[in-house]
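So you know, we letter chains A, B, ... as the sequences are listed, proteins then strands, and number each from 1.
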Amino acid sequence: MKRAVITRIGVISPNAVDYTGFVSAIFEGRSGLKTIDYFDASTFLCRIVGQVPEVDRNSLMQKYPELESVQDIKVFLAAFAFEDALGKEEGILEGNCAINLGTSLESFNIAKLLDLSPNSFCLEKYTDAVRDPALRKPFLQLPLDYFSNMVRRHFRLNGPAFLNCSACTASTQSIGHSFHMIRDGRYSQVIAGGFDSMLNPLGLGGFSVLGALCTDNSLGTRAIKPFDLRRQGTILGEGAAVLLLEELDFALSRGRKPIAEVIGYASTFDAFKISKPDPDGNGIGTCMEKALADAGISPDMVDYINAHGTGTPLNDSSETAAIRRVFRKHADGIPVSSIKSMIGHTIGASGAIETAGVVGMIQKGFVSPTINLEVRDPECDLDYVPGRSRKLEIRTAVKNSSGFGGQNAVLVLRRYPD
Amino acid sequence: MAESEKMTFITGISHFSRLGTDSLSACRNLLSGTFETAKTVARIEDFDPRKKISPPKGIRYMSRETMLAVAASMQCVSDSGLSPGRNIRQDELAFFAGTGSSGIDIHEITPMLDGSCREEDGRFCPLEFGRTGLSRLNPLTSFKILPNMPPSVAAIYNEIKGKNLIFNPWESSALHAFEEAVFELCSGREKAVLCGGSDDRTHSDSLITLREYGFMDYSEMVPGEGSSYVMLRSEPGDDHYCSVAAIRSVPVTGADFNYPEDRGAVRKLIRECLEGSGSLPVDLVFDSRDGNARCDRMQVELLHEILPGVRLLSPKLYTGNCFAASGFLHISLACQVFRQVPEIRAILLLFLGPGSEMYSVVLKR
C-alpha cells in the first residue's frame, strides 16, 4: 500500500488569513468571532459569527478572471486558501492530479430575486428577465463544483473533480477519500480540502430558526462554549483550507518534504434522526473504531483528539460518550479540544480547517485550547485543554467530524517523519 | 479503472422516473416504442410518497428529491434481498450517492420574500428580512434544501450505518459515486454498496437556474425528476442482473459548465470503454440524447462510426434530463433489459450531460 502525506497547506479562517497565522492564532487561543458586518443584522436573533478578516480580492481576480462575475464569497475563500497552499510555486501540480473538495450548500442570491422582481415577487417576471444573457450573472446559485472546475481548467489538470456535499463532514470526507485513493495507487496527487460560508441573510437566518445557534449576542467572543455546562448552541463561521496530499515517494522524488501523514480514515451514518445525533454517540464511536483499525493502531497510541465540539448541548455530550466508549481507560489521559471554540462552526470547511490546525499542532508540538470553557459539565468530563494551549509532542492524532443528516467522519494523522 | 472491475455485480435495482415507478414497468415503457416523449418538464405523475415510504410521518421533513431517494433506496434494498441488521451488519453496508442542486420551490418562499422588501424601492432589505421575512420561513426548509439530505434520510429509513460518500451536483457527480463504489468493492474494503442518484429539476428554483446557466438556450432539453439505486456486490449471488465490465471518464473542457463539445474526447471515451470491457459484443447502446441538438447529433454520428448498426435507445427523451439521477436511471433500465431481452449480451451506456466529466459504462450479462 502506498503512503499519503500532506506537503502543502493553505488556510483562511476567522482568526487568520494564512496557514502560518492560523497555527499561531490557535496556539494563542485567539478568537475570530465578532458581530457580523457583511450586512445589517440588527433584527436577527444571532449576530455573532466567525467572519474572515478583510482581504483584498483584486489580486485574485487578476489571476483568475473567472472570479469577476462571482459574488459567492465561499468561492473566494477557496481561492485564497488555494493560493496560500499552492500559489507561490510554479509547476507543482502534475497532469493527472485530482481535486476533491467539500462544502455544504449553494449560496442563494436572495437579493437578486427582488432586484429583478421588486415589491411583490413574481416568478414569471424573474424568469422573463433572465432570458436576457446580460442579466444572468451573478447567478442565483452557483454550482458547488464551480471552483474545482476553475482550478482544473486553469492548471490543465486531467484528474477528476469531486465535490463532496456532506455538510459538516464534507471536507473531512474529502481528505479521507483522497487518502484512500492515494493509498490504493490510483493518484499521486490530490488537492483536498473544503470551503464554506453561510454568512448571508438566508444562511444565518435559516440556522437561527433551527434553534442551533447561541442567540445571546451579549456574550460576544464567548458565545460558543464547547463542553461547558452553560453552552447554548453553536456559532456560524466561514473559511477554507486546501491541503495537497501526495504519494510519499512521488513527493520525495520531487524534493517536497512532507508535513504530516494521513494513516487512517472512516465514515459512518448514525441512521438515527434527521436533526439530532445519536445521544449515545454510537455512530461517531463506531467511526473512530474503524478509523483506528484502518490506521492499524490501538486506542492507547493516540496522543490527541481534535473534537467536532460544536458547543451544542447534544453533540458535545454524545461525542464525549463516544470517546469514553472507544478509548476506555485511556480516555482520561488524552487531551481533547475544539478549534470551533475560536472560529465557530465553518460547516463544510470545518473538517479541512481543523485538520490543518491538527497538522500545525503536530509540527509545533502543542495542543490548542478549548476557549470559553469555564463551568464543568458532569456529562463532559474529559481533559478539554481549557483556556490555554499546552506543549505536547504529538505522534498520532484523531480528527472527528459529525453533521446534519447523521454522517460521521474520522481521520487519523501522524507526524512525519515518525 | 481497476483491472478487477469485472468482479462487480449488480444484485438489486430500483427506478422512479416519468417512465415508471419500478424498473420493470419503466423498461417495458422504454422498449415499447409507443411511450410519449417528455415535453416542458418531466414529472412523475403517479408518485404518492405515502404509498412508497414507510413509515410516512417523516415525509413533512422531505423535499421531493428526498422523497424519491427514500422510495428508490427502499425499493432497491428490498429487491436485493439484503436486510441491514439481519443478514448484513448495518455498518457493513456502504452508501454512495449523487444528489442534485439544492432547491426550493420559489412559491414556498414567496411570503418570506414579500416580507423582506424595502418600502422605498421594493428590493431586498436584510433588516426587513430579519424583522418580518424570516418569521415566514418554515423552519423545516433547511432540512429540505441541504443537498446531503436525500441519501442521509434514505440511510435512516433503510437503517444503513456504513461508509458513505455524497457527491454533487451533476450526472457525472453521481457517476463518481458509482465508480468509487466499484473501487471500494475491488479494493476489498467493502462487500456491498448501495449506490444511487436522485434529483428534481422540475421545481421553480431549478428551472430558473437552468435558464441562467444557458441550458435552455437553443435546446429542447426537458428537465426531469427521478431517483434510482443499485446494489453493488463483489459476489454474484443467486440472481444478479449483470456485472460491470468497464467504466471510463474524461474531463469536460470549455467555459464554466456545459455539454461536451470535443468530438475527439467523446470518441476516445467510447473507444477506451469498449477496449476496457475486453471488446465485448455490444448489442445495445443507451445514449445521452436529451434535446441539446449539437451534442445529440455528435454522439449519434460517433456511435454509428464506432458501433455501426447497433440499436440506440435514448431514455432521457422520456425521463427528461434528471441530472444526478440520470446515470442510475439508465443503469437500472439496462439491468432490466438483460432480464427482458435474452439475446442482449452487453450494453454500452454513454453519459454526456453537463458537468465536470463525461462517462461511459459497459454492463455485461
Side-chain angles (χ1 to χ4, degrees), chain A residues 39-44 104-106 110-111 113-115 118-121 123 126-127 130-131 133 136 139-141 143-145 148-149 152-153 158 160-167 173 177 184 186 201 205-207 209-210 266-275 283 286 404-407, chain B residues 58 61 90-91 95 99 101-102 106-107 110 113-114 116-117 121-124 126-127 129-131 134 137 139 141-143 145-149 152-153 155-156 159-170 173 176 183 187 204-205 207-209 211-214 249 251 253 257 356-357:
Chain A
F39 57 91
D40 187 345
S42 49
T43 54
F44 280 61
S104 62
L105 174 66
E106 292 95 336
I110 193 173
L113 289 172
L114 289 171
D115 281 347
N119 292 304
S120 185
F121 179 75
L123 181 61
Y126 184 94
T127 312
V130 296
R131 286 179 197 278
R136 288 177 184 174
F139 294 126
L140 185 61
Q141 55 189 65
L144 292 179
D145 66 342
S148 307
N149 285 310
R152 191 163 70 176
R153 282 197 306 273
N158 295 321
F162 299 97
L163 193 293
N164 188 310
C165 65
S166 301
Q173 287 205 353
H177 175 210
D184 290 345
R186 293 168 59 192
F207 260 88
V209 300
L210 270 181
S267 62
T268 59
F269 268 119
D270 282 356
F272 183 70
K273 285 189 179 171
I274 295 171
S275 61
T286 302
F404 279 124
Q407 291 177 274
Chain B
Y61 288 105
Q90 290 170 288
D91 65 329
F95 194 147
T99 62
S101 296
S102 52
I106 301 285
H107 297 109
T110 301
L113 291 172
D114 290 348
S116 306
C117 298
D121 57 8
R123 289 187 154 66
F124 179 76
L127 284 174
F129 175 76
R131 184 179 293 132
L134 197 51
L137 180 68
T141 299
S142 297
F143 294 118
I145 65 172
L146 281 169
N148 70 322
M149 278 298 163
S152 296
V153 178
I156 294 171
E159 299 180 58
I160 296 171
K161 299 188 176 187
K163 184 172 190 177
N164 50 88
L165 281 172
I166 306 174
F167 298 116
N168 189 272
W170 306 109
S173 315
H176 283 151
F183 271 112
S187 73
S204 47
D205 170 36
L207 295 175
I208 290 173
T209 306
R211 186 168 294 287
E212 288 189 343
Y213 293 168
S249 67
T253 54
F257 26 80
S356 55
E357 277 92 20

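Contact count versus chain B (heavy atoms, under 4.5 Å) is highest, among A:Pro201, A:Pro133, A:Gly206, A:Ala266, for A:Pro201. The candidate from B:Ile145, B:Leu165, B:Thr209, B:Thr110 with the greatest count of non-hydrogen atom pairs under 4.5 Å with chain A is B:Leu165. For chain A, the option among B:Ser249, B:Ala155, B:Ser173 with the highest count of heavy-atom pairs below 4.5 Å is B:Ala155. Of all the listed residues (B:Tyr61, B:Tyr213, B:Trp170), the one sharing the greatest number of non-hydrogen pairs under 4.5 Å with chain A is B:Tyr213. Interface check for chain A: of the options B:Pro139, B:Cys117, B:Ser116, B:Pro147, the most heavy-atom pairs under 4.5 Å are formed by B:Pro147.
For a residue to count as touching a neighbouring chain, one of its non-hydrogen atoms must lie under 4.5 Å from one of that chain's; by this rule A:Leu105 touches chain B with backbone and side chain alike. Heavy atoms closer than 4.5 Å to chain B are found nowhere in A:Ala41, neither backbone nor side chain. If you measure heavy-atom distances from A:Leu163 to chain B, the contacts under 4.5 Å come from both the backbone and the side chain. Only the side chain of B:Pro169 comes within contact range of chain A, judged by heavy atoms closer than 4.5 Å. For A:Asp184, the part lying near chain B is the side chain, with the backbone staying farther off; criterion is any non-hydrogen pair under 4.5 Å. Contact annotation for B:Ser101: both backbone and side-chain heavy atoms come within less than 4.5 Å of a heavy atom of chain A. Within the 4.5 angstrom heavy-atom criterion, atoms from both the backbone and the side chain of A:Phe121 approach chain B. Neither the backbone nor the side chain of B:Leu207 comes within less than 4.5 Å of any heavy atom in chain A. Looking at B:Leu127, both its backbone and its side chain come within 4.5 Å of chain A, counting heavy atoms on both sides.
Residues A:Leu140 and B:Glu212 come closest through the heavy atom pair N-OE1, 2.7 Å. Of all heavy-atom pairs between B:Asp91 and A:Thr286, the closest is OD2-CG2, 4.0 Å. Of all the heavy atoms in A:Val130 and B:Arg211, the pair that sits closest is CG2-CD, 3.9 Å.
Within the 4.5 Å cutoff, the side chain of A:Thr127 has heavy atoms near those of the B:Ile208 side chain. Looking at heavy atoms from C-beta onward, A:Phe269 lies out of side-chain contact with B:Gln90 at the 4.5 angstrom threshold.
If you take NZ on B:Lys163 and NE2 on A:His177, they are separated by 7.5 Å, rounding to the nearest 0.5 Å. Atom-to-atom distance recorded for B:Asn168:CG and A:Asn164:CG is 9.5 Å, nearest 0.5 angstrom. Here the straight-line distance linking atom CG of A:Leu123 with atom CD1 of B:Ile106 works out to 6.5 Å at 0.5 Å rounding. Taking CD of B:Glu357 as the reference point, atom CG of A:Asn149 lies at 7.5 Å (rounded to 0.5 Å). In this structure, CD1 on B:Ile166 lies 5.5 Å from SG on A:Cys165, to the nearest 0.5 angstrom.
For the salt bridge (charged side-chain N to carboxylate O under 4.0 Å, His left out) test, no residue two or more places apart in sequence or in another chain qualifies with A:Glu106.
For A:Arg152 (side chain) and B:Ser356 (main-chain N/O), a donor-acceptor pair under 3.5 Å exists by modelled atom type. Looking at B:Glu159, its side chain never comes within 3.5 Å of a backbone N or O of A:Ala271 through a donor-acceptor pair. A donor-acceptor pair under 3.5 Å is absent between the side-chain atoms of B:Arg123 and the main chain of A:Leu114, judged by distance alone. Between the A:Gln407 side chain and the B:Asn164 main chain, no donor and acceptor come within less than 3.5 Å of each other.
Using a 30° and 60° split on the angle between ring planes, B:His176 and A:Phe162 fall in the tilted class, from 30° to 60°.
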- B:Phe129 and A:Ile110: side chain to side chain contact (heavy atoms under 4.5 Å, CB included), yes or no, with the steps? CA-CA 10 Å; B:Phe129 175 76; A:Ile110 193 173; 4.3 Å; yes

